[in-house]
There are 2 protein chains.
Amino acid sequence: MPLSRRSVLQGAVVSAAALAFPSRADDLAPVYAEIRRRHDETVKRIQQWIATPAIAAESLNSEEGVQQFIGLLKDAGFQSAARVPTDGKPGVFALLDAGAPRTLGLYFMYDVKQFDPREWTSPPLEGRLVDKPGFGKCIVGRGAVNQKGPEGAFLAALHAIRGAGRKLPVNLVLVAEGEEEIGSPHFPQIVRRPEVMQALSRCAGVEMPSAAQSADGTLEITLGAKGVIEAEIVSSGEKWGRGPGKDVHSSLRASLDSPAYHLVQALGTLVTADGVDPAIDGWFEKVKTLSPAEQQMIDAAAKHLDEAQMKKQFAVSHWAHDLPFREALARLAGQPTVNIEGLVGGYTGQGGKTVLPHRAVAKMDFRLVPDMTVPDCLAKLRAHLSKRGFADIEVNMTGGYDPNTTPADSSLIRAETATYRKAGLDPILWPRGGGSWPGYVFTEPPLKLAAGHFGVGHGSGAHAPDEYYLVESTNPKLRGLDDAVRSFVDFLYQI
Amino acid sequence: MPLSRRSVLQGAVVSAAALAFPSRADDLAPVYAEIRRRHDETVKRIQQWIATPAIAAESLNSEEGVQQFIGLLKDAGFQSAARVPTDGKPGVFALLDAGAPRTLGLYFMYDVKQFDPREWTSPPLEGRLVDKPGFGKCIVGRGAVNQKGPEGAFLAALHAIRGAGRKLPVNLVLVAEGEEEIGSPHFPQIVRRPEVMQALSRCAGVEMPSAAQSADGTLEITLGAKGVIEAEIVSSGEKWGRGPGKDVHSSLRASLDSPAYHLVQALGTLVTADGVDPAIDGWFEKVKTLSPAEQQMIDAAAKHLDEAQMKKQFAVSHWAHDLPFREALARLAGQPTVNIEGLVGGYTGQGGKTVLPHRAVAKMDFRLVPDMTVPDCLAKLRAHLSKRGFADIEVNMTGGYDPNTTPADSSLIRAETATYRKAGLDPILWPRGGGSWPGYVFTEPPLKLAAGHFGVGHGSGAHAPDEYYLVESTNPKLRGLDDAVRSFVDFLYQI
């Protein structure tokens, strides 16, 4: 869910950074030339990757997807790239030993989100090059920005370095999964293998390639992410022992309990009376308040961001509790949440149907902040429901992970900042992304590595129709594919 | 929704009625012979009718359906059968003047419920004759019992009388609609036309053909029906002015209100803390308690019905409030309800999706008992929500009607009872069906007519896959098509 990592700060230009690409050490000039020379090859590689969507939720193409990805890694110079079986879809563990003193960890995903071609203006698996007014030429396709475009740009950096006859300045340890879009349920099975743990423990940090520029050119470095529990909360007559055990005619409601109403009442207990904040027993026990340094980052962001534009972007007229902007931003970094993603029960078609359903489901997500943990929160949620007469309600976790935090002074973050600055871009530091990714497997014990996302460039529409990744920018604030590839080259030399 | 009319009393044989068809006045023997002679013709007519499904919810075939139905009426001897336009799908007003002293009103529907052929074991529009173990040969198809089979059997009675050279003993005034399955929103526009009102005002009552036998042979005469409001209760960021105006990433929940949670909280206020009874302000103000005569009917039913079998049928282990059987039955007749038919909001597909939806909908039905009325209850519901901070929540009524009541001593009900008894069947009187039908347009002022459902025979699966109507019974408790047609002949002579 890397898109969400940036969602907080879309909406405002922070500063008019110098946009000219500064001069560089001469020795990388042949590499940059190689990037330009290989531009079409890079575009084609991304398009071919888009053509095969691996979708874990639909058990679609995961085997094809992992094999194709392994091929891409070997082409890019990885000496080994092994399929790693899990209880779900397979992952990948790959090594590129450059004989360098330092080693960088990489986290990749080869899966993409579901899509409905009827909602797209060009075929989602074609990766067509489309002129997008105000942006430039873009690859449009499922996975274009999330994450095949940026990952493809990273691999292009490896091709360019090798193509220019250079040796890679760092060794690479790559772990990848095909279940990112379903909440990475088996990713720990990949990372926790002894040989993977050993390789990762040598790393200076773990990076995921991204297209970090928002539509307005804003660039954000996020020092961690909230955790998340995604779960289906299910009420059924079967489990409850009340109400019908199958859908019956709604006239019977006069003498029967309603599992759908049972769900509604259970959900009602999870939030405060105004519907905003978590009200689960003990939910805030382990919540760490934002540190003075994090508060300063929020102060800075609140000054620079355009509140009106953010509200317009989300079609919002009031923040929760009618909070001022600065406090709304602070909550995005520091507040746990209880959210209904979806409600499904009984008759969901057109019009009505006089049925008393035996089952109803709420798809929920719960965002966690340090030091909340998934097992502790799941236990608290279940205890809360039981105490209020909802012990029968099922809490079926479908994915999720603990929050993660990376220090601002880690070498990884310092290299990110330095590389962006060299590229003439001015990144904003942000304490914690509101979205989630499984960085905790790297940042938490025993590995305790820095972890983050990096990459010049822009794209949008992850999880939505017409997802795109900018290839040739006509917008002075945004960088295209070649600049993205160059940023990965620079980052590899910086770290 | 005539199926539901019987749902209360399915489950027990009330008494071992003599099942031999008793001898009749000799003068109807040629009519009965004609019924048998025309058996195949009747089956074929029903099958041809099933082949064209008019589905108002899908705006499918309504024009074809009304024209086909008008043809069926003219074939059966109606001198006039006019298409009646409405703001929705067209209705029909038809007259058969037999020069008789008495006139009977008829209520027909030509529409059927939606269906999904993949769920059926034979094609739903074929009306295939299928041997159903324990029942006999049945027509299987959408509309087989709801309501083309019984209506076709009624028309067959007219064909048989005319075919035997007899004159119809009563005049007929028929009103029909093509929107019964969406709650009859425009049926009053048909009935309230001056020429229709005038014709109906001469009627001894209004009858709808049905297949009144439950699977166990039980036969019920219902003296009215609850009313109903079907409505979509909608919460949206746009109307609320809080939360997002479009679906946004769920990480934003930390600083945004949730329209889905707003809906959950609004729904919570509509029922008591245990989730069972309506808690809408003033909801019980106009509720009439059951009369002593109605209480006696319930006493009698409670003695005769098999509670264990009913619970098994609905997969239920407890009645609401753990009530004893007799009180559970009384509530089916006398208690208003608040029911969630369906919940739809945000992401409803497989797994989860990290979205904060801008809109969520509860499909609801509210059953009304005398003397509640639709406009009064709608106003109370809206006032209740407004008072609690939910003024923005939309209450979009999609269909419904007031409750209706017909006296047990009306000539219509007496004719029903007498005809069933002559056929060797022992009907149970039941004060009020838990399901609903638009009988109020007949029973309430200004018409104040008796209204009911009548017909020997059996079928089931209305609104479900493999809907069927019994044609040739192998079950000694159940009657087939020819007996159904005969019951309509007898009823016409009885009234």
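Basis for what follows: all heavy atoms, side chains included, without hydrogens, waters or symmetry-related copies. By convention in this document, chain letters (A, B, ...) are assigned in the order of the sequence lines, proteins followed by strands, and residues within each chain are numbered from 1. All values reported here derive from a predicted model rather than from experimental measurement.
For chain A, the nearby parts of B:V264 are the backbone and the side chain; heavy atoms of each come within less than 4.5 Å. Of the atoms belonging to B:Q350, heavy atoms from both backbone and side chain fall under 4.5 Å from chain A. Neither the backbone nor the side chain of A:E238 has a heavy atom closer than 4.5 Å to any heavy atom of chain B. The parts of A:K246 that come within reach of chain B are both its backbone and its side chain, each placing non-hydrogen atoms under 4.5 angstrom from that chain. Contact of A:V355 with chain B is made through backbone and side chain together, with heavy-atom distances under 4.5 Å. Interface remark: B:A464 contributes no atoms to any contact with chain A (heavy atom separation under 4.5 Å). Proximity to chain A involves both the backbone and the side chain of B:L356, based on heavy atoms less than 4.5 angstrom apart.
The candidate from B:I340, B:L323, B:L270, B:V344 with the greatest count of non-hydrogen atom pairs under 4.5 Å with chain A is B:I340. Your options are A:V248, A:N339, A:T398, and the one with the most heavy-atom pairs under 4.5 Å with chain B is A:N339. Heavy-atom pairs under 4.5 Å with chain B were tallied for A:G346, A:S258, A:A231; the largest tally goes to A:G346. Interface summary for chain A: among B:G389, B:G399, B:P278, B:G349, the most heavy-atom pairs under 4.5 angstrom belong to B:G349. Comparing A:G237, A:G352, A:G342 by heavy-atom pairs within less than 4.5 Å of chain B, the highest count is held by A:G342. In terms of non-hydrogen atom pairs under 4.5 Å with chain A, the most contact-rich of B:A362, B:A57, B:A320 is B:A320. Chain A forms the most heavy-atom pairs under 4.5 Å with one residue out of B:A254, B:G245, B:A315, and that residue is B:A254. The most heavy-atom pairs under 4.5 Å with chain B, out of A:G268, A:A260, A:G351, come from A:G351. No other option in A:E327, A:Q335, A:K363 has as many heavy-atom pairs under 4.5 Å with chain B as A:K363.
Between B:E230 and A:K353 the shortest side-chain heavy-atom distance does not fall below 4.5 Å. Put simply, the side chain of B:L332 reaches to within 4.5 Å of the side chain of A:L252, judged on heavy atoms.
Using modelled atom types, no side-chain atom of A:H318 and backbone atom of B:G243 make a donor-acceptor pair closer than 3.5 Å. Side-chain atoms of B:D257 never come within 3.5 Å of backbone atoms of A:V276 as a donor-acceptor pair (strictly under, hydrogens ignored). In this structure, A:Y261 contributes its side chain and B:V338 its backbone to no donor-acceptor pair below 3.5 Å. Of the possible donor and acceptor atoms, none in the side chain of A:T337 sits under 3.5 Å from a partner among the backbone N and O of B:R253.
Identified under the salt bridge (charged side-chain N to carboxylate O under 4.0 Å, His left out) test for residues 331-352 of chain A, with sequence neighbours left out: A:D277-A:R331. Each ring-ring contact (aromatic ring centres under 6.0 Å, His included) pair with one or both residues in residues 322-367 of chain A, not counting sequence neighbours, appears once here: A:W283-A:F366.
Between B:D274 and A:R242 no salt bridge is recorded (no basic side-chain N to carboxylate O distance below 4.0 Å).
Taken to the nearest 0.5 Å, the NZ atom of A:K311 stands 10.0 Å off from the CG atom of B:L256. For the atom pair CG (A:L263) and CG (B:L343), the distance works out to 7.0 Å, reported to the nearest 0.5 Å. Taking CE of A:M310 as the reference point, atom OG of B:S255 lies at 8.0 Å (rounded to 0.5 Å).
Residue B:V316 comes nearest to A:P244 through the heavy atom pair CG2-CA, 3.7 Å, listed as atom of the first residue, atom of the second, then distance.
No side-chain donor from either of B:T354 and A:D365 sits under 3.5 Å from a side-chain acceptor of the other.
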